[in-house]
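Single-structure report; data block below.
These values consider heavy atoms only, across backbone and side chains, with no hydrogens, waters or symmetry-generated copies.
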Amino acid sequence: MNYLNINDKKLVPVVAELNQLLAEYNVYYQKLRSFHWNILGNNFFDLHNKFEELYNDAKLKIDETAERILTLRYHPVSRFGEYLKMAEIQETSAMITDTEMVDKIISDHQIILLQMKRVITKAEMAGDEGTLDMIGAYIGKLEKASWMLDAWNKNTEDQLKTTNMNKAS
């Protein structure tokens with residue numbers, strides 16, 4: 001029974017991209033755990049808590065992504081060795097500075113956001129509204145987390161871009 005009312009052949013590319021996202025999120029999750037455990041220095045309390053917040057969010061996204069794949073009637077990739085082979089995100093030593101950790105996380109966010117856009121493209125082509133809705137919500141939250149980490153990593157004298165609202169571009 002096809003309760004989704006979506007052509008199964010159109011779902012195959014969606015599932016492939018969701019499995020790729022699942023791989024990226026699993027490697028990212030473990031990196032966050034490692035950074036959480038190993039952070040040192042004056043920013044310990046801030047980053048220890050932030051990394052925990054981020055890995056708890058990633059854990060939820062991992063579960064929801066795998067369950068979305070199951071909802072589409074496919075099996076999600078579920079072996080860590082496969083995630084390591086598939087993922088663009090790479091393992092990172094935790095023996096780095098706090099600012100390097102934040103830089104690595106922001107870089108991982110770029111990879112995850114790009115993968116989410118790939119999922120969106122395939123889901124649009126398939127008419128998969130459920131996946132579009134789920135991933136659309138993820139994008140806004142991850143973009144906000146990226147902005148906050150980037151702001152943390154800036155100097156107080158750094159400035160954001162400005163526009164002149166009276167001039168047309």
Does [atom1] belonging to [X] count more than 12 external heavy atoms closer than 6.0 Å?
X: E124; atom1: CD; result: yes
X: K61; atom1: NZ; result: yes
X: E88; atom1: CD; result: no

Is the closest side-chain heavy-atom distance between [X] and [Y] below 4.5 Å?
X: D103; Y: I96; value: no
X: N43; Y: V102; value: no
X: Y138; Y: I112; value: no
X: I135; Y: L21; value: yes
X: E17; Y: Q115; value: yes
X: I6; Y: V14; value: no

Show the nearest heavy-atom pair for residues [X] and [Y], with the distance to one decimal.
X: H36; Y: I39; value: O-CG2, 3.7 Å
X: Y74; Y: V12; value: OH-CG2, 3.4 Å
X: A87; Y: Q20; value: CA-NE2, 3.8 Å
X: M101; Y: A94; value: CE-O, 3.3 Å

Under 4.5 Å between side-chain heavy atoms, hopping through other hydrophobics if needed: is there a path connecting [X] to [Y]?
X: M86; Y: L114; value: no
X: M134; Y: L70; value: no
X: L72; Y: Y3; value: yes
X: L60; Y: I89; value: no
X: L54; Y: L113; value: yes

Distance from [X] atom [atom1] to [Y] atom [atom2], nearest 0.5 Å?
X: N42; Y: D98; atom1: CG; atom2: CG; result: 8.5 Å
X: L18; Y: E64; atom1: CG; atom2: CD; result: 12.0 Å
X: S78; Y: N26; atom1: OG; atom2: CG; result: 9.5 Å
X: L11; Y: K9; atom1: CG; atom2: NZ; result: 12.5 Å
X: E52; Y: R33; atom1: CD; atom2: CZ; result: 8.0 Å
X: L47; Y: L40; atom1: CG; atom2: CG; result: 11.0 Å

Note to self: Between N19 and L22, does the side-chain contact (heavy atoms from CB on, under 4.5 Å) criterion hold? Intermediate values first, please.
What the structure shows: CA-CA 5 Å; N19 269 316; L22 192 57; 3.9 Å; yes

Donor-acceptor pair, distance only, cut-off 3.5 Å: does the side chain of [X] make one with the backbone of [Y]?
X: E100; Y: T97; result: yes
X: N153; Y: L149; result: no
X: K31; Y: Q90; result: yes

Margin query: Is there a side-chain contact (heavy atoms from CB on, under 4.5 Å) between M116 and L142? Walk through the geometry before answering.
Written below: CA-CA 10 Å; M116 286 179 181; L142 192 59; 4.2 Å; yes

Can you list everything that forms a side chain to side chain contact (heavy atoms under 4.5 Å, CB included) with [X]? Sequence neighbours excluded, please.
X: N155; result: E157, D158
X: S107; result: Q110
X: E129; result: L132

Checklist line | Side-chain H-bond candidate by donor/acceptor type, D63 with Y25, under 3.5 Å | finding: no

Next item on the list: May I ask you to check whether Y83 and Q30 show a side-chain donor-acceptor distance below 3.5 Å?
Entry: no

Next item on the list: Indicate yes or no: does D108 engage K104 in a salt bridge with an N to O separation below 4.0 Å.
Entry: no

Check: Is there a side-chain contact (heavy atoms from CB on, under 4.5 Å) between D57 and K141 once you walk through the steps?
Finding: CA-CA 10 Å; D57 181 68; K141 189 167 184 178; 3.2 Å; yes

Check: Hey, what's the ring geometry for F35 with F51, parallel, tilted or perpendicular (30° and 60° as the breaks)?
Finding: tilted

Next item on the list: Show your working on side-chain contact (heavy atoms from CB on, under 4.5 Å) between V119 and T65 and close with a plain yes or no.
Entry: CA-CA 11 Å; V119 172; T65 301; over 6 Å; no

